[in-house]
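Structure, as structure tokens:
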Amino acid sequence: MANGQDRGGVATDAESAARLLHCVVDQLVEGWRTRPDRPASPVTADAAEIRGWLGKYPLEKPEDLEQAVPDVLAALDRWTVHTDHPGYFGLFNPSATWAGVAGDLITAAVNPQLAAWSHAPFAVEAEQRCIDLFTARLGLPDTAGGHFTSGGAEANATAVLTALTHAFPEYSTGGLRSLDAAPVFYAGADSHLAWLKIAHATGLGRDACRLVPSDASGRLDVAALETLLANDRRAGKAPFLVVATAGTTGAGMIDPLPRIADIAQAAGLRFHVDAAWGGAACLSDRLRGFLTGIERADTITVDAHKWLSVPMGAGMFFTRDRAELSSSFAVSTSYMPGRVDDTADPYTTSTQWSRRFIGLKLWLSLLAYGVSGYGDQIEHDAALGQDLRDQLTGAGWIAINDTPLPIVCATRADAPVDPEESWRWHSELADRVNATGSAWVSPVRVAGRPALRVCVISWRTQTEDIVRLREILDRV
């Protein structure tokens with residue numbers, strides 16, 4: 001019967017499971033092998049057409065997955081921007097490591113539950129091994145700790161929650177209503193604007209997130225931060241957190257971490273660094289110096305599913321004092337297993353309760369490539385970014401960002417001057433590049449100025465792909 005079933009329900013025999021998985025793996029590997037010869041993104045994508053395709057499968061009765069899976073993979077091939085294409089120069093969505101893919105498969109099949117240490121001791125300890133490795137590379141003290149998250153947004157939300165708990169002890173039981181003054185925190189205008197959602201979700205309100213203007217380079221303006229902070233204190237607000245970004249999404253800028261750390265320390269505020277993408281540079285002995293100041297952070301975010309190239313989603317949250325995780329998230333209930341000495345149950349040290357073994361895909365990737373391999377890859381990508389910058393500026397383009405990380409934001413002298421016309425011009429240019437099928441790029445604003453954004457994020461990208469992109473830009 002369909003799916004190897006001989007009765008109702010969801011039972012599947014081992015032979016059918018093996019055939020299905022072999023079918024999936026064979027087609028995925030073949031798709032990966034031939035991806036460079038096929039489009040990087042959909043030529044067209046029509047919602048009605050996709051919904052019509054889904055209507056072929058009403059989900060009311062069993063279907064034969066060995067026949068349906070190839071159909072599904074063909075649909076994904078047709079209607080997906082392919083981050084495993086060497087010409088993908090887009091957002092921080094990399095080609096996944098095969099070690100990471102294997103990790104996700106193992107995690108899905110074994111399906112360990114990481115709420116309690118006693119239910120998944122190996123999984124909890126393997127994740128902690130990854131956390132310890134990164135806290136050391138980031139320069140945090142021996143008291144540091146952390147955990148895996150669904151992504152950077154959850155990690156950054158954890159930073160806000162722990163900062164509130166630290167700054168206002170009454171917050172943990174009485175909430176915001178127990179506070180005498182309205183809390184506010186600060187992040188750069190060019191930071192990832194998940195901060196607005198976090199302010200909304202925590203009950204602070206979006207106005208509590210003070211977006212500090214950027215300087216002409218796209219970095220957080222330290223003088224503007226000091227002015228906002230002083231104004232809020234005069235207005236009776238209660239500042240509690242300053243956020244710096246190490247690798248902005250738009251232009252890859254690294255905020256002046258040491259100066260922001262000084263301001264936070266002098267003002268008695270928590271200091272968080274959102275290094276969701278750029279934090280991976282800590283694995284490179286040559287590039288980690290650009291993160292100087294991050295070691296002074298109270299908390300840090302790094303996403304493994306960005307520059308570390310593991311499948312989504314895999315964020316990491318780090319704190320210089322692991323004890324504060326329990327003070328923020330500890331609960332006790334009789335239906336959970338008892339605590340094991342010298343361990344911590346993950347449900348008592350994070351916002352999550354039931355969750356999957358997120359960290360295996362990173363642990364296996366580190367096992368396969370090592371810190372040394374990751375360092376080599378990160379330096380290779382940075383060198384390609386510089387090569388791209390050199391080739392574009394040599395062909396008449398003007399780079400408007402200055403970063404050691406592999407993002408180039410470029411425009412041309414003949415681009416329209418009017419901001420809205422310029423945005424349309426750069427957007428249409430990106431569309432024409434993407435329509436070739438050989439590359440995928442995006443428009444962006446850097447400190448308000450429109451540009452074309454090109455990011456080296458796929459480990460499959462090589463010098464010839466940089467040359468091809470420049471040739472495409474010359475044509476379009």
Side-chain angles (χ1 to χ4, degrees), residues 1-35 37-85 93-116 119-120 122-123 148-151 154 305 309-314 335 347 352-365:
M1 296 182 66
N3 307 328
Q5 294 173 309
D6 55 9
R7 61 176 176 79
V10 299
T12 303
D13 61 75
E15 291 76 15
S16 297
R19 285 198 306 272
L20 173 63
L21 293 178
H22 281 297
C23 170
V24 170
V25 169
D26 289 346
Q27 292 191 63
L28 287 177
V29 172
E30 178 63 14
W32 178 86
R33 186 185 67 80
T34 60
R35 174 56 55 201
D37 301 321
R38 292 179 291 128
S41 61
V43 177
T44 60
D46 179 78
E49 186 179 6
I50 295 171
R51 292 165 189 161
W53 185 98
L54 290 167
K56 298 189 302 180
Y57 296 101
L59 309 180
E60 296 293 336
K61 59 180 181 62
E63 303 281 355
D64 188 338
L65 286 185
E66 290 178 48
Q67 294 184 22
V69 162
D71 201 19
V72 171
L73 290 174
L76 283 168
D77 183 74
R78 180 180 178 188
W79 290 312
T80 300
V81 174
H82 293 285
T83 60
D84 62 344
H85 194 289
N93 308 309
S95 302
T97 64
W98 282 109
V101 172
D104 252 0
L105 176 60
I106 293 169
T107 293
V110 179
N111 203 29
Q113 160 61 285
L114 267 68
H119 275 210
F122 172 79
F148 279 83
T149 67
S150 58
E154 182 193 333
H305 64 230
S309 300
V310 305
M312 293 189 181
Y335 54 75
Y347 84 95
Q352 299 187 52
W353 202 294
S354 299
R355 77 161 174 85
R356 74 198 310 264
F357 187 4
I358 298 171
L360 180 59
K361 49 197 169 188
L362 178 58
W363 189 87
L364 282 181
S365 295

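Proximity of V72 to L76: side-chain heavy atoms (C-beta onward) are separated by under 4.5 Å at one or more points. P42 is listed as a side-chain neighbour of V81, based on a closest heavy-atom distance under 4.5 Å.
When all heavy atoms of W79 and T44 are compared, the closest pair comes out as CD1-O, 3.7 Å. Residues Q113 and A120 come closest through the heavy atom pair O-CB, 3.5 Å. In this structure, S365 and V310 approach most closely via the heavy-atom pair OG-CG1, 3.7 Å. Across all non-hydrogen atoms, the minimal contact from P311 to V101 is CG-N, 3.8 Å. Here the shortest heavy-atom pairing between S150 and I358 reads N-CD1, 4.3 Å. Nearest heavy atoms, Q352 versus T149: NE2-CA, 3.5 Å.
With sequence neighbours excluded, the residues that form a ring pair (Phe, Tyr, Trp, His ring centres under 6.0 Å) with Y57 are W53. Evaluation of the salt bridge (charged side-chain N to carboxylate O under 4.0 Å, His left out) rule for D77 yields R35, R38 as partners, not counting sequence neighbours. W32 is linked by a ring pair (Phe, Tyr, Trp, His ring centres under 6.0 Å) to W98, counting only residues two or more places apart in sequence or in another chain. With sequence neighbours left out, the side-chain contact (heavy atoms from CB on, under 4.5 Å) criterion links S95 to D84, S458, W459, R460.
Each of I106, V110, L114 was evaluated against F357; a single residue qualifies, L114, per the side-chain contact (heavy atoms from CB on, under 4.5 Å) test.
Although no hydrogens or angles enter the test, the distance criterion places a donor-acceptor pair under 3.5 Å between the side chain of H305 and the main chain of A314.
L360 CG to T107 OG1: the interatomic distance, rounded to the nearest 0.5 Å, is 4.0 Å. Considering NE2 of H85 and OG1 of T80, their distance stands at 13.5 Å, rounded to 0.5 Å.
Sorted by first and then second residue, the salt bridge (charged side-chain N to carboxylate O under 4.0 Å, His left out) pairs involving residues 42-60 (not counting sequence neighbours) are E49-R78, K56-D71.
No donor-acceptor contact under 3.5 angstrom links the side chains of T34 and D37, judged on distance only.
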Return a table of donor-acceptor pairs under 3.5 angstrom between the side chains of residues 21-28 and protein atoms on other chains or two or more places apart.
none

